[in-house]
Enquirer: 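What follows is a single structure, and I will ask about it in a moment.
Model, not experiment: these values are computed from the prediction.
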Amino acid sequence: MATWQDYLKLMEGLGRTLEQLTQVELDKNAAASRGDVLGVEECMKREQVLSLSLRGCDQKRDAMLAQLGLHGVSLSQLEDRSPPELQLETKRVVEELRRQYALFQNASQVARDTLEINLRAIERMQAVQAGDAAEAAEQRRDHQTDFRA
């Protein structure tokens, strides 16, 4: 049977995983900014591993909430539902988890924006190169002499 302390430990672990994911997003943004495709790919692999870990934590969290009779209780409602002697600790854990989630969301958005900007720049360069190639082919065609006459 899960205890409230077990649940708080799980939530702290979730916060640490979000902290790691935030660092991956920061690393991904840095790699994307410098055009390091392999670095971005490595970050995406790390991100997938951490996402699987989050999924496992989420399943454990759901099971623990059910054992504690709190199925469907949101994060914001936890403090009100916690045992009185653990209210301060619950508040601390909830606030830290929210803070970590906000940091992750911000880092994730910045990395996503950087990747989109770089992809647009690559698409523009490819379009210019394709246009240059087409223009060069047209110029060669215009400057060729027809010796069939």
Side-chain angles (χ1 to χ4, degrees), residues 1-140:
M1 181 75 173
T3 66
W4 196 266
Q5 287 94 347
D6 293 336
Y7 183 73
L8 292 178
K9 286 178 186 173
L10 178 71
M11 299 303 281
E12 287 174 333
L14 183 61
R16 286 189 296 275
T17 302
L18 282 172
E19 186 176 9
Q20 291 173 339
L21 263 171
T22 299
Q23 186 59 54
V24 169
E25 292 299 321
L26 294 171
D27 294 346
K28 184 167 54 172
N29 181 49
S33 294
R34 64 179 181 269
D36 179 4
V37 175
L38 293 177
V40 170
E41 287 177 1
E42 180 60 33
C43 289
M44 291 175 89
K45 289 176 188 174
R46 289 173 34 211
E47 190 176 40
Q48 285 177 333
V49 169
L50 290 168
S51 292
L52 288 174
S53 175
L54 278 179
R55 201 169 301 140
C57 282
D58 199 39
Q59 291 170 349
K60 286 180 189 174
R61 185 184 61 80
D62 284 344
M64 284 183 153
L65 282 175
Q67 288 176 1
L68 293 168
L70 299 171
H71 186 65
V73 173
S74 68
L75 194 59
S76 61
Q77 298 170 324
L78 277 181
E79 188 180 345
D80 294 334
R81 302 283 186 99
S82 73
E85 68 275 10
L86 294 173
Q87 249 179 345
L88 286 177
E89 186 178 354
T90 301
K91 180 179 180 173
R92 179 191 61 77
V93 169
V94 167
E95 286 176 356
E96 178 61 17
L97 187 57
R98 283 187 174 159
R99 187 183 75 78
Q100 287 298 336
Y101 185 70
L103 290 171
F104 166 70
Q105 281 188 312
N106 289 337
S108 180
Q109 186 62 50
V110 168
R112 190 175 311 119
D113 291 347
T114 301
L115 285 170
E116 286 177 12
I117 288 167
N118 286 341
L119 284 173
R120 282 190 215 115
I122 289 169
E123 287 171 352
R124 281 193 301 273
M125 284 190 302
Q126 287 176 333
V128 166
Q129 288 173 345
D132 288 348
E135 186 178 323
E138 188 175 319
Q139 285 179 354
R140 281 193 304 274

Enquirer: Using a strict threshold of under 4.0 Å (side-chain N to carboxylate O), is an ion pair present between D58 and R61?
Expert: yes
Enquirer: What is the minimum heavy-atom distance between V24 and C43, and which atoms define it?
Expert: CG1-O, 3.3 Å
Enquirer: Give a yes or no on whether a salt bridge exists between R99 and E96, defined as a side-chain N under 4.0 angstrom from a carboxylate O.
Expert: yes
Enquirer: At their closest point, which heavy atom of T17 faces which heavy atom of L50, and how far apart are they?
Expert: CG2-O, 4.0 Å
Enquirer: Sequence neighbours excluded, which residues qualify as side-chain contact (heavy atoms from CB on, under 4.5 Å) partners of S108?
Expert: E25, F104, R112
Enquirer: For E42, check side-chain contact (heavy atoms from CB on, under 4.5 Å) against everything at least two apart and list the hits.
Expert: K45, R46
Enquirer: Would you tabulate the side-chain donor-acceptor contacts of residues 77-84 under 3.5 Å, counting partners in other chains and residues two or more places apart, or write 'none'?
Expert:
{"residue": "Q77", "atom": "OE1", "partner": "S74", "partner atom": "N", "Å": "2.9"}
{"residue": "Q77", "atom": "OE1", "partner": "S74", "partner atom": "OG", "Å": "3.3"}
{"residue": "S82", "atom": "OG", "partner": "E79", "partner atom": "O", "Å": "3.0"}

Enquirer: Decide yes or no on side-chain contact (heavy atoms from CB on, under 4.5 Å) for L38 and E41, but give the supporting numbers first.
Expert: CA-CA 5 Å; L38 293 177; E41 287 177 1; 3.8 Å; yes
Enquirer: Start with the C-alpha distance between T90 and Y7, add both sets of side-chain angles, then the distance that settles side-chain contact (heavy atoms from CB on, under 4.5 Å), and finish with yes or no.
Expert: CA-CA 10 Å; T90 301; Y7 183 73; over 6 Å; no
Enquirer: Between the side chain of N29 and the main-chain N/O of L26, is any donor-acceptor distance below 3.5 Å?
Expert: no
Enquirer: Quick one, E12 with R92, criterion side-chain contact (heavy atoms from CB on, under 4.5 Å). Give me CA distance, side-chain angles, the key distance, then yes/no.
Expert: CA-CA 10 Å; E12 287 174 333; R92 179 191 61 77; 2.6 Å; yes
Enquirer: Does any N or O in the side chain of R34 come within less than 3.5 Å of the main-chain N or O of A30, such that one atom is a donor and the other an acceptor?
Expert: yes
